[in-house]
Amino acid sequence: MTAPIVVRSPGKLFIAGEYAVVTPGEPAVLVAVDRYLTVRLTPSAHSGSIHSPEFGRTPLVWGRTGDGLTIDTEHHPYEYVLAAITLAERLRSERGLTAHYYDLHIDSGLDDASGRKFGLGSSAAVTIATIRAIDEFYGFGLSRRDAYRLALLATVQVAPQASGGDLAASAFGGWISYRSPDRRVLRQSLDEGASFAELLASPGWEPMDIARLTPPASLRFLVGWTGRPASTARLVDAVRDGSGAMDYPAFLLDSRACVTDLARALDEGDDSATLDAVRRARRLLRRLGRSAGVAIETDALAALCDTAESAGAAAKSSGAGGGDCGIVLAPEDADIAGMLRDWEERDIRHLTLSVSSAEGGAP
Ligand code: MEV
C-alpha cells in the first residue's frame, strides 16, 4: 500500500490590521502559531471520504434573514474541505491527469481536547492542508504562494468577505505582513469558468502582497483566551453595516499608518516602536467598535489588555474580537507573573503557544 501523505498547517493570530484588511490592498500583520491541523491523505478505490473527530462534533449553526434560514458555514469546516477538493480536482482535470479517489483524515490540534475552539483559524488551516495534500498526491508541484492562491479561491466561495490573511499565515508560518486581493473580481472569474492560467493572471491579485517580517528578538509573545466568540462573518457584516455612521476611509488610513509603522519597527528591531504600534492598533479597534456599535473589545478582552498594559506590556484583541483571544507583546522587565495571576482570577485562559517558525522560504 502507498504511504499516506501527511500535511500539517499551523493556526494563526492577528497582530494588527483587522477589519481594514478585508478591504483589498489594506495591510495587516499576522503570526502563525505552533499549534497545527493535520490532514492525512490515503488513496482509496471506489469513493473518497472525509473524516474528522472534531468536525464531526461541530454543530451546524443557523441564523435567520427575514423569513429564511442561513447556515453559518464558518462553523462548518467541511464546506472548506469540499471547496478545496473541488478546485484541486478542477486543476487536475485541466492538467489532463488521471482522476483517483482518496480519503482525508483531519486532526485539529488547534482546539482543546473537548473540541473547544480558540479562534486560531481552523478553517484556513484545513483549507491550506487539504490543497497541499492533494498537490502532493497528484504531483502538481504548487509553490506555497500558489497553494495559498488556490486556498483563497476555495475560500471566497464559502466566505466571500474573508481577507485570507489566515490562509497566508498558515501557508508561510512565522511573522508576515499581508494585503488581500480583490476577492470580488476573483469570484467573478471563477463564476465565469476561467481556466487556472486565467485565474492566476487575474487583475484581482494585484492588491495582494505577502512579505516576511522579522520577529521581535526580545519581546515575549503571550496569548489569553476569553471565551466563546461571536461569529467572525457576523461581526464583519455588523461593522460594515455600522460603518456608514462613521468616517470609514479615515479608519482605513489610520490603520494603514499603524500597520506600516509596526512592520517597519519589527524589521528595524525597534521594540519600543513595536509596542507603541500595538497599543495604537488596540485604540483603533476600540474606536471602530464604538463607532460601528459592535463589541469588538468585549469587557473580558478589555480586562486582558488593561492588566497587560498595567504590567508594562502592549496588548490588544486579535482577529474579529467579540471574545476569543487577546495577544500581548511584553518587554523583558514587564510583570508577566502578576499579569497571569490577574488573568487567572478573571477566568482568562493563558494559551501556552508560541509563534511557529517560518516555512518554505520567501513568500
Ligand atoms: C478575523 O480573524 C479578522 C478580520 O479582519 C476578518 C478577516 O480578515 O477576514 C475581522
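Both ligands and their constituent atoms are indexed starting at 1 by order of listing. All figures in this text were calculated on a predicted structure; none of them were measured in a lab.
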Of the protein's non-hydrogen atoms, which lies at the shortest distance from [atom], and what is that distance?
| atom | answer |
| --- | --- |
| atom 3 (C) of ligand 1 | F14 CE1, 3.5 Å |
| atom 4 (C) of ligand 1 | Y19 N, 3.9 Å |
| atom 1 (C) of ligand 1 | A320 N, 3.5 Å |
| atom 9 (O) of ligand 1 | S163 N, 2.9 Å |

Any side-chain heavy-atom pair of [X] and [Y] under 4.5 Å:
| X | Y | value |
| --- | --- | --- |
| P331 | L275 | yes |
| H51 | L104 | no |
| L167 | Y178 | no |
| D103 | R40 | no |
| L186 | L199 | no |

Worksheet item: Heavy-atom contacts under 4.0 Å between V22 and ligand 1: side chain, backbone, both, or neither?
Response: side chain
For ligand 1, which atoms have a heavy atom of [X] less than 4.0 angstrom away?
| X | value |
| --- | --- |
| V21 | 5 (O), 8 (O) |
| E18 | 5 (O) |
| A162 | 9 (O) |

Worksheet item: Mind checking whether T232 has an N or O less than 3.5 Å away from an N or O of ligand 1?
Response: no
Worksheet item: Are V81 and I131 linked, directly or through other ILVMFWY residues, by side chains that come within less than 4.5 angstrom of each other?
Response: yes
Worksheet item: Would V22 and I15 show up in the same hydrophobic cluster when neighbours are defined by side-chain heavy atoms closer than 4.5 Å?
Response: no
